[in-house]
Amino acid sequence: MKLLLIHADYMEYEVKKRTRVAEDFDKKSERIEEVLVVFTSVEKGDDEGVVERAVEAIKEVAEKVNTSKVLIYPYAHLSSNLADAETAVKLLKEIESKLSDLEVHRAPFGWYKAFKISCKGHPLSELSREIGGEEEIEVTKALKDEEKVVSYWYILTPEKQLIEIDKFDFTGYEKLQKFANYEIAKRRAVDRIPPHVEFMRRLEIADYEEASDSGHLKYYPKGRLIKSLLETFVTEKCIEYGAMEVETPIMYDRAHPTLRRYLERFPARQYILKGDKREFFLRFAACFGQFLMSANSTITYRNLPLRMYELTRYSFRKEQRGELVGLRRLRAFTMPDMHTIVKDMEEAKQEFFNQYRLSVDVLREIGLEPDDYEVAIRVTRDFYEENKDFVHSLVDILKKPILVEMWDQRFFYFVLKFEFNFVDALDKASALSTVQIDVENAERYGITYVDSDGSKKYPLILHCSASGAIERVMYTLLEKAQFMIDKGKLPMLPVWLSPTQVRIIPVSERFLEHAKKIAEKLEAERIRVDVDDRDETLAKKIRDASTEWIPYIAVVGGREVERGKLTVTVRSESTLKEQKKVEISVEELIKRIHEECNGKPFKPLCLPKLLSLRPGFR
RNA sequence: GCCGCCGUGGCUUAGCUGGCAGAGCGGGUGACUUGUAAUCACCAGGUCGCGGGUUCAAAUCCCGCCGGCGGCUCCA
């Protein structure tokens, strides 16, 4: 049911013409002064409970605006999901009768009517209310609870002590302290342009696209390559873990009964699109598609745990304007999203533990070590008390202190979640990997499994993003490069993600053919190699290769041809002051790179092999 | 969304007490044929974010909008 409440100096209406469903009405017109006009749409599914709450809402407003006169005015245009006329009249009459302690008027249903209204225009004079079924009321209540909810903060030590945050000695855990400060006080000290924004543009990885909405980036060839490698890697890891890859739509019906209830908790965060008849919202995760798929599937206890995976390109979230920054927070982003259906809490805990380890492993292979991030656990007090040993056991995986946030009541869909958070050069924290135990959505979506005794049961569902958003992983790698600079090292990406892994620089034009031959050898070994054939000085070419963060720079001239070796500048072992140069054979270089990229996906060079043929993208 | 700062060739920027829009990098052409972080010369390239206003005259002053950055708020 939808209500539009107007506090008016007067309202007058005149009946013009009957429709098929018109109620009997003996007057021609009516005028009421100092009245609260309640424009009302009765919607499909509305019942006595809804009437009850609508009456409460009307009484509440009438009291606030200090009026004793109410006009119930049937108004179909507030909803696109109207109830049938018979039900509507019945419920409107019920509202009328239940407001009997006020002076109630009711305009007749089913007539074309003309009306004049004089809205008072004070702050409370125009209000709308949406009254739904029982579940929605709970949701609204949950939202209110959320505002009131109190977080209790602790540190879980490697010795499995849960210590109140003020009593924990952060000596040696400065990053954790920064993370905790960020979470609790939400305060940062430094103001500086984030390093990764400059890097992503200067290295021709990604850039803003002003012709799109804010928070939608364009990726140049190098950025697309890096992103694609990360996407492939995480996807492979999840499939290897046991997930079935699926693909689901990126937009959904706003009015779909299941989705609507979920959505109403988080209004105005979605992109809304108008279709021919229906309105759609863009997904912010793969939950919708996968849950709807699961709800339609026949699942038995033999199929559990059942894992589904999708890489969302894209997920959409209409984040607030002021929150968007570079690759860190976007409105269109790519999420590896895996859901695991499990039969009970024991199985959920087992999966949670394993997926925690999976996340550590995925980040480590990407190039992010446990030292690079901080762990947070968020848990309801009930779950913690009942599963203390289990929660404590999580600390064994990384053996470092964990920030714990505890709530007295559950107001999200999960009872337990962990996150790995990266703290950047500006002391901002952002979540990477996360796993949650969802105790609510199986029922909401009608996902069931058949147990061994033949009965249908609601499972639990785990949400897992093993790496977090791919763009955010890129942000993290670039911010980590800034930390390298701060430590006096040269910034670089992991070799398997470097767009060019080896650059061959001929000392002069005479050695260009030789350089190309070496490049072919490396290329045949699935190494991304390019050749600087430009008419520039050697020093200039070295400089350019260095500013591109190329891990291996191989110079070829007379000496190399003679000895059959390469003189290679190894970036990871060099500093700005001193370059580490090694003389190695092509085979040795191949072996070294293969070892560094072992187990990682490979994609060929994303730009012309000869530098003279490359465009500049900015 | 709110508050503050910023927006000048592809990039980085000078000019901002109103008076001809300048440079470096990058690009093109030519010379040089190079041994480890910028070789030299010449040439092309600008609706000064967009729209309005003040003025004889606006990149410069005023208003609105768009975009970016920082803070606040938010983050299923």
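By convention in this document, chain letters (A, B, ...) are assigned in the order of the sequence lines, proteins followed by strands, and residues within each chain are numbered from 1.
The aromatic rings of A:F281 and A:Y252 sit tilted relative to each other, their planes meeting at an angle between 30° and 60°. Note: A:F420 and A:Y373 have parallel aromatic rings, judged against thresholds of 30 and 60 degrees for the angle between ring planes.
For A:K489, the NZ atom is loosely surrounded, since the number of other residues' heavy atoms within 6.0 Å does not exceed 12.
The two residues A:W549 and A:A481 make their nearest non-hydrogen contact at CH2-CB, 3.5 Å.
Residues A:R378 and A:E405 are paired through a salt bridge, judged by an N-O separation under 4.0 Å between the basic side chain and the carboxylate.
Applying the side chain to side chain contact (heavy atoms under 4.5 Å, CB included) test to A:A442 and every residue at least two apart in sequence or in another chain returns A:I447, A:Y458, A:P459, A:I461. Under the side chain to side chain contact (heavy atoms under 4.5 Å, CB included) criterion, A:E231 pairs with A:R224, A:K227, A:L311, A:R313, A:T334, A:I470, not counting sequence neighbours. In this view, A:E562 satisfies the salt bridge (charged side-chain N to carboxylate O under 4.0 Å, His left out) rule with no residue, not counting sequence neighbours. With sequence neighbours left out, the salt bridge (charged side-chain N to carboxylate O under 4.0 Å, His left out) criterion links A:D530 to A:R503, A:R614.
Position along RNA chain B of the nearest nucleotide to A:R571 versus A:Q436 favours A:R571 as the more 5'-ward residue. Summary of the strand contacts: A:K540 and A:G326 both lie near RNA chain B, and taking for each the nucleotide with the nearest heavy atom, the more 5' one is attributed to A:K540.
Base engagement by A:G322 is indicated by at least one non-hydrogen atom pair under 4.0 Å involving a base atom.
Comparing B:U60 with B:A76, their P atoms sit 44 Å apart, to the nearest whole Å. Of the C1' atoms belonging to B:A44 and B:U33, the separation is 27 Å, rounded to the nearest Å. Comparing the C1' positions of B:C74 and B:C3 gives an interatomic distance of 16 Å, to the nearest angstrom. To the nearest whole angstrom, the two P atoms, one in B:G46 and one in B:G10, are 8 Å apart.
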Notebook entry, point to check: In B/S/- notation, 5' to 3', how is nucleotides 30-35 of chain B contacted by protein heavy atoms closer than 4.0 Å?
Noted result: --BBBB
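Phosphate contact (OP1/OP2 of B:G67, side-chain N/O of A:S214, threshold under 4.0 Å): present. An OP1 or OP2 oxygen of B:A37 is reached within less than 4.0 angstrom by a side-chain nitrogen or oxygen of A:Q579. Between A:R321 and B:G67 there is a side-chain N or O to OP1 or OP2 distance below 4.0 Å.
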Pull out every protein N or O sitting under 3.5 Å from an N or O of nucleotides 3-12 of chain B, one pair per line with the distance.
| unit_1 | atom_1 | unit_2 | atom_2 | d |
| --- | --- | --- | --- | --- |
| B:C11 | O3' | A:R618 | NH2 | 3.3 |

